[in-house]
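Below: one structure, written as structure tokens.
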There are 2 protein chains.
Amino acid sequence: MSIHKKQDPRALRTKKMLKNAVFSLLSENQDVAQLSVQKITSRAELNRATFYLHYEDINDLLSQIVQEIFDELSSKTEPLLQMKNLDKQEHLLGFLDYVYEYRKIFAVFIEHAEFKNSLFEFLKNVIHMRRSERNIATTENTVALEIMAASLLGIINWWIKDGIHYSSEYIAKQITSMYKKKPL
Amino acid sequence: MSIHKKQDPRALRTKKMLKNAVFSLLSENQDVAQLSVQKITSRAELNRATFYLHYEDINDLLSQIVQEIFDELSSKTEPLLQMKNLDKQEHLLGFLDYVYEYRKIFAVFIEHAEFKNSLFEFLKNVIHMRRSERNIATTENTVALEIMAASLLGIINWWIKDGIHYSSEYIAKQITSMYKKKPL
DNA sequence: TATTTTATCGACTATGTGTCTATTAAGCAA
DNA sequence: TTGCTTAATAGACACATAGTCGATAAAATA
């Protein structure tokens with residue numbers, strides 16, 4: 001954030017316009033794979049060469065967008081996780097509420113490998129925090145952290161793509177009733 | 001199979017060569033998205049125009065490959081599912097063994113939307129069969145079929161992509177110990 | 001104001017798609 | 001075997017896209 005050396009306002013403006021163009025295009029066709037540098041710069045009303053002054057390729061731009069999404073996700077969910085007196089299901093529900101709020105963005109970006117990885121790491125982190133907080137032994141007899149996270153990722157992926165008519169409350173209930181131990 | 005009207009042997013040969021070219025290319029770069037009609041026909045040593053005599057586009061070809069993969073998966077796992085005297089975990093293990101055998105193909109094609117959908121439907125079907133077989137009420141108090149299938153899909157996705165050093169036995173054990181009710 | 005940085009324009013090479021026509025070759029059926 | 005049918009090839013076409021380059025104009029800043 002403030003660590004970065006101050007950038008040329010023209011560069012900042014251009015980058016914002018390119019990102020806005022990406023969201024504008026994605027809101028239409030809902031498909032990351034159909035993006036092209038031409039479409040993005042055309043939508044942003046910028047020259048195509050300008051794109052390459054700021055990003056290596058489309059993936060570079062998408063990576064930075066994903067980074068920003070998860071910076072926000074972390075800053076919004078961390079205070080929730082600090083509240084140790086919350087019920088088992090309230091943490092999960094708080095997270096699912098956030099996912100629901102950004103379900104359209106999530107549904108598009110979940111196809112992007114880096115977004116998927118970030119979400120996976122995020123889930124692992126949250127599960128790990130919850131476990132150590134409740135003093136659950138992480139070495140013996142415990143379901144592997146990664147398998148639990150992969151399972152949750154699968155459910156979230158399904159939810160935002162094909163099952164978004166279910167409420168976050170319902171999903172939270174199903175999840176907690178499915179596992180032997182509460183994941184979040 | 002034998003229902004189809006007999007096809008021109010030249011067409012059969014061409015289609016087989018194109019499919020082989022796809023597998024050949026995928027064994028090198030492991031990425032469906034990097035395929036092109038030019039690369040495929042060049043690898044198959046066929047004219048590019050010939051491709052369009054048999055397939056609409058790359059997705060059409062991939063769809064037919066995926067179809068064949070699941071035809072084989074079904075024919076190999078169905079006899080296993082008919083054996084009603086098997087232990088809870090043996091069904092799951094038999095399926096995971098099949099996935100392990102074809103893990104390289106699976107890891108590549110799991111990125112393909114149609115493959116993912118087919119696998120999801122397959123999992124739903126198997127869970128449903130197991131449940132009705134064991135007379136589990138599907139309406140009351142039971143975890144939604146789709147959520148369970150989505151969860152398993154997430155685990156399988158993780159396993160074949162990032163956790164294939166774990167044995168199918170270990171994965172089966174983790175899965176059965178994670179859920180309150182055995183999924184398969 | 002003078003220097004640096006950014007943005008634009010046009011051009012170029014390269015790869016890819018999908019279609020089309022004409023021609024050659026292989027399969028099949030009377 | 002001959003003749004019809006279908007498949008495969010070759011080359012061309014218009015079009016979209018990627019990534020780079022040099023020259024020029026415009027904005028930011030020291």
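Note that the structure is a prediction, hence the values are computed from the model and not measured. We use all heavy atoms of the structure for the numbers below, so side chains are in, but hydrogens, waters and symmetry mates are not.
- Distance, A:E45 CD to C:dA7 C1': 14 Å, rounded to whole Å.
- In this structure, of C:dC9, D:dG19, C:dG18, it is C:dG18 that holds the atom nearest to the side chain of B:Y52.
- Distance from the side chain of A:S36 is smallest for D:dA18 among the nucleotides D:dA18, C:dG18, C:dT15.
- A donor atom on one side chain and an acceptor atom on the other are found under 3.5 Å apart for A:S24 and A:R43.
- Both B:T14 and A:V37 lie near DNA chain D, and the one whose nearest nucleotide falls closer to the 5' end is B:T14.
- Taking every side-chain heavy atom of A:A49 into account, C:dG10 is the closest of C:dC28, C:dC20, C:dG10.
- OP1 and OP2 of D:dA7 both lie 4.0 Å or more from every side-chain N or O belonging to B:H54.
- One side chain, A:S151 or A:Y179, offers a donor N or O that lies under 3.5 Å from an acceptor on the other.
- Candidate nucleotides D:dA18, C:dG27, D:dT9 were compared by shortest atom distance to the side chain of B:T50, and D:dT9 ranks first.
- If you check distances only, the side chain of B:R10 never reaches the base of D:dA8 with a donor-acceptor pair under 3.5 Å.
- Between A:N47 atom CG and D:dA23 atom P the separation is 17 Å, expressed in whole Å.
- As a whole-Å value, the separation of A:D8 CG from D:dA26 P is 17 Å.
- The separation between A:I40 atom CD1 and D:dA16 atom C1' is 15 Å, rounded to whole Å.
- For the pair A:Y55 OH and D:dT20 P, the interatomic distance rounds to 17 Å; values are reported in whole Å.
- Residues B:D31 and B:V108 form no side-chain contact, since every pair of their non-hydrogen atoms from C-beta on lies 4.5 Å or further apart.
- Between D:dT9, D:dA28, D:dT17, one nucleotide has an atom nearer to the side chain of B:L46 than all others, and that is D:dT9.
- Side-chain atoms of B:Q38 lie closest to C:dT15 of the nucleotides C:dA26, C:dT15, C:dC28.
- Nucleic acid contact class of A:L12 (heavy atoms, under 4.0 Å, all strands): none.
- Atom CG of A:L35 is separated from atom C1' of D:dA16 by 15 Å (rounded to the nearest Å).
- Regarding B:R48, its CZ atom lies at a distance of 13 Å from the P atom of C:dT15, rounded to whole Å.
- In this structure, A:K39 reaches the sugar-phosphate backbone alone: every heavy-atom distance under 4.0 Å involves primed, P, OP1 or OP2 atoms, never a base.
- The pair A:K116-A:E121 fails the salt-bridge criterion, with no side-chain N (NZ, NE, NH1 or NH2) lying under 4.0 Å from an Asp/Glu carboxylate O.
- Proximity note for B:L53 (side chain, C-beta onward) versus C:dT17, D:dA8, C:dT5: the nearest is D:dA8.
- Judged purely by atom type and a 3.5 angstrom limit, A:R103 uses its side chain to pair as donor or acceptor with the backbone of A:Y100.
- Atom NZ of B:K15 and atom P of D:dA7 are 9 Å apart (whole Å).
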